[in-house]
There are 2 protein chains.
Amino acid sequence: MFFGERIRQLREEKGLLQRQLAASLEMDTPMFSKIERGERKAKRDQVFLLAKLLSVPSEELLALWLAGQVYEIVKDEKVALNAMHIAEARLKLPVKPKYKTNNG
Amino acid sequence: MFFGERIRQLREEKGLLQRQLAASLEMDTPMFSKIERGERKAKRDQVFLLAKLLSVPSEELLALWLAGQVYEIVKDEKVALNAMHIAEARLKLPVKPKYKTNNG
DNA sequence: ATTACATTGTCCAAAATTTGGCAAGTCTAT
DNA sequence: ATAGACTTGCCAAATTTTGGACAATGTAAT
């Protein structure tokens, strides 16, 4: 399920029109349509606003939104999964402290 | 291991100087230095050229290079791993055909 | 067929980001 | 102090992203 698809699904469940959500996000309807179809990407702030307007946890939409960007980078690559695993491993690494502490 | 770190490692193993590789990539030394330190990102083409110059499979460098870009997107996100899993699942999905075939 | 309304497609200019490169800087060894 | 390798900071050109106008298309009701 892509970000835009999910937005549309939620919007329709609530019986809202594109122009209503578009207005809440202070953009025009064509723009909102593009976001739903994945032709444009929403801004980070708009993800949170949409979560509120559509009554879902912002984490759900944020994860979909990020996933979409990640997917765009690797989608046509033979080493896609490989790259993903490397990135995941890096995420799991403890953060190296920048400065020494007394007991560090 | 980050892309730039790996480049530096390979370069030093071969006893090459930044300016030598920089020349091969048709960029100046500061630029190459920035790539090694991850301050700038190499272009896709340059990844393949570097693989050749450093005698490693291009897949290895390409995967590191992609991983770096993926990592940049999610690194500070609470839902990072979540987003990664969603993107991975999407990668594993069969591609939906655009047009019907006779036996499709 | 006509109206009313929702959605999608095309195109352009402003804004923002990325890029390449220069000049000057640090650091190490001599 | 000089030389060589590398790093840092800054700027302008180039590219990409963005917002939005406007036209085109789709859809349902009459």
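Just so we're on the same page: letters track the sequence lines, and every chain starts at 1.
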Quiz prompt | Check against side chain to side chain contact (heavy atoms under 4.5 Å, CB included), Ile7(A) and Ile35(A) | solution = CA-CA 9 Å; Ile7(A) 295 297; Ile35(A) 288 174; 5.5 Å; no

Quiz item: Knowing that exactly one of Glu60(B), Arg11(B), Glu36(B) qualifies, which makes a side-chain contact (heavy atoms from CB on, under 4.5 Å) with Arg6(B)?
Solution: Glu60(B)

Quiz item: With the sugar-phosphate defined as primed atoms, P, OP1 and OP2, and the base as all remaining atoms, what B/S/- string results for nucleotides 10-17 of chain D, 5' to 3', for protein heavy atoms under 4.0 Å?
Solution: B-------

Quiz item: Could you give all pairs that pass the side chain to side chain donor-acceptor pair (under 3.5 Å) test and reach residues 72-83 of chain B, with sequence neighbours left out?
Solution: Arg44(A)-Glu77(B), Glu72(B)-Lys75(B)

Quiz item: Taking CD from Gln18(A) and C1' from dT27(D), how many angstroms apart are they, rounded to a whole number?
Solution: 14 Å

Self-check item: Nearest atoms (heavy-atom pairs only) where Ala42(A) meets Phe3(A)
Solution: CB-CE2, 4.0 Å

Practice problem: With rounding to the nearest 0.5 Å, note down the distance linking CD in Glu26(A) to CZ in Phe32(A). | Solution: 14.0 Å

Practice problem: Provide the closest heavy-atom pair for Val74(A) versus Ala80(A) in the form atom of the first, atom of the second, distance. | Solution: O-CB, 3.3 Å

Self-check item: Approximate separation, where rounding is to 0.5 Å, of Leu54(A) CG and Leu61(A) CG
Solution: 7.0 Å

Quiz prompt | For chain A, the stretch of DNA chain C it reaches, first to last nucleotide, under 4.0 Å of its heavy atoms | solution = dA6(C) to dT10(C)

Quiz item: Any side-chain heavy atom of Arg90(A) sitting closer than 4.5 Å to one from Ile86(A)?
Solution: yes

Quiz prompt | Residues touching DNA chain C, which here means a heavy atom under 4.0 Å, drawn from residues 20-33 of chain A | solution = Pro30(A), Ser33(A)

Practice problem: State, with a plain yes or no, whether a side-chain heavy atom of Leu50(A) is found less than 4.5 Å away from one of Val56(A). | Solution: no

Practice problem: Taking the side chain as every heavy atom from C-beta outward, state whether Leu91(A) and Tyr71(B) have any atom pair closer than 4.5 Å. | Solution: yes

Quiz item: End-to-end bend of the helix from dA1(C)-dT30(D) to dT30(C)-dA1(D) (five-pair axes, 10° rounding)?
Solution: 30°

Quiz item: At their closest point, which heavy atom of Ala67(A) faces which heavy atom of Ala83(B), and how far apart are they?
Solution: CB-O, 3.4 Å

Quiz item: What heavy-atom pair brings Gln20(B) and Gly15(B) nearest, and what distance separates the two atoms?
Solution: OE1-O, 4.3 Å

Quiz item: For Arg37(B), which contact category applies under a 4.0 Å heavy-atom criterion: base, sugar-phosphate, or nothing?
Solution: base

Exercise. Under the side chain to side chain donor-acceptor pair (under 3.5 Å) rule, collect the residues that match up with Thr29(A), sequence neighbours excluded.
Key: none

